[in-house]
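These notes concern the structure reproduced below.
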Amino acid sequence: MEIRPILSALLRNKTGPILVALQVALSLAILSNAAHIVNERRAVAARPSGLVDEHSTFYITVRTLSNDTPEQQLAAIKRQTALLRAVPGVASAAHTTQMPMGRSGSNTSVAVDRRQTHASAIASTYFSGDSLVKTYGLKLVEGRDFLPAELVDVNQDTSTQAPPQVIVTRALAEKMWPGQSAVGKTMFFGTGTDAQPAQVVGVVETLMSTQAEVGESGMYSVISPARLYGGGPVELFAIRTEPGQRDRVMKEVDDALRKSSATPMITRMKTSDEDRKDRYRADVALQWMLITVGVLLLLITASGIVGMASLWVTQRRKQIGVRRALGAKKTDILRYFIMENFMITSAGVFGGVALGLALNQLLVSKLEMARLPAGYLVSGALGFWLLGVLAAYGPAWRAAGISPATATRSV
């Protein structure tokens, strides 16, 4: 089939084809970038937190309604930790200051040299006088866990000195010492003469920050072997249960803590599953919104192609009849209309690729998003070519079924 007659016919009636091509171009540009964003958000929401089993992990916040001295608070923390570990079904429990994805906690600037004018990174800092490696189920990739003698008790009211050992995440180690082993290296909390040094004794594969920021910064975490007390009446305990025991253990833990205390207390429990759901609620909502927009765009584009093809069949009934009378077969008519729509769709696809790249460049420059991989544009182009053929097939088949007598009859 020659392309020139089809192109000549399209140029004589440009408005419809141009509108459909623009619709395809806009849809391809938006959908390719939307699919990229959806996959990025999905990957971010599925990132491992570092917890060996999120479904079996929860934490409880305890507020005691009493005016205990710092020493009494420390004794209560140790007593409550031992009580939690004694509950049947508890695999491990630890007193800590924050939880991954908990949205609340402390961040500290860290550096490789106190003479730096700017910090190397901002890290989420976990303080615990117990083994978070054991309780969280963290995977050590270098070095070791803290030794019992390195776990210290620190009164926040009287001391600001951090323990001289730390464990860092692999992402933070790579940020501070690219291509080197971090074990044995000295890092500093803060910069300047007041910066406190600490030696890295271990590196864990992953421990998400409390805010779970997008990108590598969401994995910059430090564990310090300090049991903090004296800062207030609120304490946080992380608990990992045996598989399938979490819900039962949560009820028993609350009852055990309340019965063990001579003074009233306020407790609040939350699971790591709930933290993940809360943290990524907006990301999931964005995914569904973009998927909905994408489906609507596909339906609108397909409807536009079908509508234009149907209109042309109606307008060209005489032409179709004449061609059939001159010996054109049904397959010739069918092929003509499909090729015509394929050419229009192709114009839209090429325009959509250029527009998609321009839109992605805008997103990269304004929102610091990742560049659009070529695969999304290639897949989108193939999809719209297929959509164009399928959408035009119905009207083209009806056109091919018109008899010469019916088509050439005067109206």
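The salt bridge (Lys or Arg N to Asp or Glu O under 4.0 Å) analysis of residues 278-288, with sequence neighbours excluded, yields the pairs R41-D283, K270-D278, D278-R281, R279-D283. Applying the salt bridge (Lys or Arg N to Asp or Glu O under 4.0 Å) test to pairs two or more places apart or on separate chains, those with a residue in residues 92-116 are D113-R115. Residue pairs satisfying the salt bridge (Lys or Arg N to Asp or Glu O under 4.0 Å) criterion with at least one member in residues 116-135, sequence neighbours excluded, are listed as follows: R85-D130, D130-R227. Evaluation of the salt bridge (Lys or Arg N to Asp or Glu O under 4.0 Å) test over residues 139-151, restricted to residues two or more places apart or in two chains, returns R144-E150.
For D247 and K251, the salt-bridge test fails: no basic side-chain N is under 4.0 Å from an acidic carboxylate O. A salt bridge links R276 and E54; the closest N-O separation between the charged side-chain nitrogens and carboxylate oxygens is under 4.0 Å.
Going from atom CD of Q80 over to atom OG of S260 covers 6.0 Å, rounded to the nearest 0.5 Å. Taking CD of Q361 as the reference point, atom CG of L359 lies at 10.5 Å (rounded to 0.5 Å). With rounding to the nearest 0.5 angstrom, the CG atom of L19 is 9.5 Å from the CE atom of M308. In this structure, CE on M269 lies 4.0 Å from CG on D254, to the nearest 0.5 angstrom. Within the model, atoms CG of L286 and CD1 of I291 stand 9.5 Å from one another, a figure rounded to the nearest 0.5 Å. The CD1 atom of I60 sits 7.0 Å away from the CG atom of L84 when rounded to the nearest 0.5 Å.
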Next item on the list: Apply side chain to side chain contact (heavy atoms under 4.5 Å, CB included) to the pair E216 and E174, showing each step before the final yes or no.
Entry: CA-CA 10 Å; E216 285 296 314; E174 185 61 29; over 6 Å; no
Next item on the list: Please assess T108 against V222 for the test side chain to side chain contact (heavy atoms under 4.5 Å, CB included), listing each intermediate value before the final yes or no.
Entry: CA-CA 9 Å; T108 307; V222 177; over 6 Å; no
Note to self: Checking T57 against M99 for the side chain to side chain contact (heavy atoms under 4.5 Å, CB included) test, could you report, in this order, the C-alpha distance in whole Å, the side-chain angles of both residues, the deciding distance, and whether it holds?
What the structure shows: CA-CA 10 Å; T57 304; M99 290 290 290; 4.1 Å; yes
Check: Can you check side chain to side chain contact (heavy atoms under 4.5 Å, CB included) on D157 and Y229, steps first, answer last?
Finding: CA-CA 8 Å; D157 293 335; Y229 68 97; over 6 Å; no
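At a threshold of 4.5 Å between non-hydrogen side-chain atoms, the residues K78 and D153 count as touching. In this structure, the side chains of E242 and V249 stay at 4.5 Å or more apart for every pair of heavy atoms. Between P233 and D68, every side-chain heavy-atom pair lies at or beyond the 4.5 Å cut-off. Using a 4.5 Å cut-off on side-chain heavy atoms (C-beta onward), L382 and L386 make no contact. Side-chain contact between Y220 and S124 is absent, with no heavy-atom pair separated by less than 4.5 Å. Using a 4.5 Å cut-off on side-chain heavy atoms (C-beta onward), V110 and F188 make no contact. Side-chain contact between I37 and M369 is present, with at least one heavy-atom pair separated by less than 4.5 Å. Between V203 and V141 the shortest side-chain heavy-atom distance falls below 4.5 Å.
Closest of all the heavy-atom pairs between A302 and A391 is O-CB, 3.9 Å. What you find for A34 and L290 is that their closest heavy atoms are O-CD1, 4.0 Å. Considering all non-hydrogen atoms of both residues, I239 and A93 come closest at CG1-CB, 4.2 Å. Residues F58 and V253 approach most closely at CZ-CG2, 4.2 Å, considering heavy atoms. Between M187 and W177, the shortest heavy-atom contact is CB-CH2, 3.9 Å. Scanning both residues, P225 and F146, for their nearest heavy atoms gives CD-CZ, 3.5 Å.
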Under 3.5 Å, sequence neighbours excluded: what are the donor-acceptor pairs made by side chains of residues 166-173?
residue: T169; atom: OG1; partner: L172; partner atom: N; Å: 3.4
residue: T169; atom: OG1; partner: M219; partner atom: O; Å: 2.6
residue: T169; atom: OG1; partner: S221; partner atom: N; Å: 3.4
residue: R170; atom: NH2; partner: E205; partner atom: OE2; Å: 3.1

What pairs of donor and acceptor atoms, side-chain ones from residues 189-197 against any protein atom, are under 3.5 angstrom apart with sequence neighbours left out?
residue: Q196; atom: OE1; partner: A162; partner atom: N; Å: 2.7
residue: Q196; atom: NE2; partner: T160; partner atom: O; Å: 2.7

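A donor-acceptor pair under 3.5 Å links the side-chain atoms of Q98 to the main chain of T125, judged by distance alone. For the pair R268 (side chain) and T61 (backbone), a donor-acceptor distance under 3.5 Å is absent. A distance-only check finds no donor-acceptor pair linking the side chain of S261 to the backbone of R258 [under 3.5 Å]. T301 contributes no side-chain N or O that, together with a main-chain N or O of L298, makes up a donor-acceptor pair within less than 3.5 Å. In this structure, the side chain of T97 engages the main chain of F127 through a donor-acceptor pair within 3.5 Å. In terms of modelled atom types and a separation under 3.5 Å, the side chain of T241 and the main chain of S56 share a donor-acceptor contact. Within the 3.5 Å criterion, the main-chain N or O of L357 finds no donor-acceptor partner in the side chain of R371. Within the 3.5 Å criterion, the main-chain N or O of G356 finds a donor-acceptor partner in the side chain of N33.
Side chain to side chain, T96 and S128 fail the donor-acceptor criterion of an N or O pair below 3.5 Å.
In this structure, Y126 and Y136 have perpendicular ring planes: the angle between them is above 60°, well past the 30° mark.
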